[in-house]
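What follows is a short report on a single structure.
Counting convention: from 1, in listed order, for ligands and their atoms alike. The first residue in the sequence is number 1, and the count goes up from there. All values below come from the heavy atoms of this structure, side chains included, with hydrogens, waters and symmetry mates left out. Note that the coordinates shown come from a computational prediction; the quantities given were computed from them, not determined experimentally.
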Amino acid sequence: MRRPIIAGNWKMNKTISEALGLVNEIKEEANKTDVEVVVCCPFTVISEVKKAIEGSKVKLGAQNMHWEDEGAFTGEISANMLKDLGVDYVIIGHSERRQYFNETDEIVNKKVIKAIEKGLNPIVCVGETLDEREKNRTFDVVKEQTLAAFRDVSNDGMKDVVIAYEPIWAIGTGKTASSQDANEVIAYIRSLLENKYGIEISEEVRIQYGGSVKPSNATEIMNETDIDGALVGGASLKAEEFLEIVNF
Ligand code: 13P
């Protein structure tokens, strides 16, 4: 049985006081559920959020990291720095990073490898653009991105991984993939894992859906057989909405 995992991706939102307000509202409720609840915060609030969630079941996530251990990489944050702050999860290869910051499959792969090496759990994002979907390329694109992201990742390493299928056209647009369509792509990703790593790993790795998840569609999405959770953007910024999703 895969434990459901619902993660909020706050993106570039929340000052320290705003973040504390949000997380203090979330943590009580998160303690009552068996769903794994993660907040992926901006770097600047991680240390304060860490203190606020101490003793609660909320897990801490970051939204990006660099693949080198240290060095002359102005403005970047290393895996060791995240570990130092007590971070559990790190989003890697979000479409916004691929789109606006030129992250390639190769970079995503280096980051995934480094995160696993350092004991962080990567939440690895894959997903097609609208143009690719309209050209019936969804499965090809997702296959390419998935195989590239996990190049040279061992069976053991895969045990730390969460995958998020986020069709780019559904992010922040209010449009969601139908739950059946999302499930189909996610089942396909699972079949790719089975081919490469065998049935045990493929049945163990959790795969989330992301893209305009909100209280009104969370139940339907979470009821699908292969969807193990959600990566939530906009709706994770308000405690009430996020908690409704968590309590799908
Ligand atoms: P929205 O939920 O705002 O569509 O964002 C999804 C997302 O990108 C989560 O990583």
Handout entry: Test item, Ala235 contacting ligand 1 (heavy atom, 4.0 angstrom)
Key = no
Exercise for the section: Would you check whether Gly233 has a nitrogen or oxygen atom less than 3.5 angstrom from a nitrogen or oxygen atom of ligand 1? Expected result: yes
Practice task
Flag Thr173 as yes when one of its N or O atoms lies below 3.5 Å from any N or O atom of ligand 1, and as no otherwise.
Solution key: no
Problem - Contacting atoms of ligand 1, where contact means under 4.0 angstrom from a heavy atom of Gly172 - result: 1 (P), 3 (O), 4 (O)
Practice task
Check each atom of ligand 1 against the heavy atoms of Gly211 and keep those under 4.0 Å away; list them by number with element.
Solution key: 4 (O), 6 (C)
Exercise for the section: For the pair Glu36 and Lys59, find out whether any cationic side-chain nitrogen is under 4.0 Å from an anionic carboxylate oxygen. Expected result: yes
Just list the side-chain donor-acceptor pairs under 3.5 Å for residues 111-125, sequence neighbours left out, or say none.
| unit_1 | atom_1 | unit_2 | atom_2 | d |
| --- | --- | --- | --- | --- |
| Lys111 | NZ | Asn64 | OD1 | 2.8 |
| Lys111 | NZ | Met65 | O | 3.1 |
| Lys111 | NZ | Glu103 | OE2 | 2.6 |
| Lys114 | NZ | Asp69 | OD1 | 2.9 |
| Lys114 | NZ | Glu117 | OE1 | 3.3 |
| Lys114 | NZ | Glu117 | OE2 | 3.3 |
| Lys118 | NZ | Asp69 | OD1 | 3.4 |
| Asn121 | ND2 | Asp88 | O | 3.0 |

Practice task
Output yes when the distance from some N or O of ligand 1 to some N or O of Leu231 is under 3.5 Å, and no in every other case.
Solution key: no
Handout entry: Atoms in ligand 1 flagged as close to Ser212, the criterion being non-hydrogen separation under 4.0 Å
Key = 1 (P), 2 (O), 4 (O)
Handout entry: Gly210 near ligand 1 by a heavy-atom separation under 4.0 Å
Key = no
Handout entry: Sequence neighbours excluded, every pair satisfying ring pair (Phe, Tyr, Trp, His ring centres under 6.0 Å) that has a member inside residues 218-248
Key = none
Exercise for the section: State plainly whether one hydrophobic cluster holds both Val87 and Val162, where clusters connect Ile, Leu, Val, Met, Phe, Trp and Tyr through side-chain heavy atoms under 4.5 angstrom apart. Expected result: no
Problem - Salt-bridge contact Arg2-Glu203 (side-chain N to carboxylate O under 4.0 Å) - result: yes
Completion exercise
atom 9 (C) of ligand 1: closest protein heavy atom, distance to 0.1 Å, is Glu166 OE2, 2.9 Å
Exercise for the section: Select one of side chain, backbone, both or neither to describe which atoms of Ile171 lie under 4.0 Å from any atom of ligand 1, heavy atoms only. Expected result: both
Fill in the blank from the handout: A student checking ligand 1 against Gly234 at a 4.0 Å heavy-atom cut-off should list atoms 1 (P), 2 (O), 3 (O)
Handout entry: Cys125 near ligand 1 by a heavy-atom separation under 4.0 Å
Key = no
Handout entry: Side-chain (Asn195) to main-chain (Leu192) donor-acceptor, under 3.5 angstrom
Key = no
Problem - Atoms in ligand 1 flagged as close to Ala170, the criterion being non-hydrogen separation under 4.0 Å - result: 4 (O)
Handout entry: Lys11 near ligand 1 by a heavy-atom separation under 4.0 Å
Key = yes
Practice task
Answer whether the closest heavy-atom distance between the side chains of Tyr165 and Asp226 falls below 4.5 Å.
Solution key: no
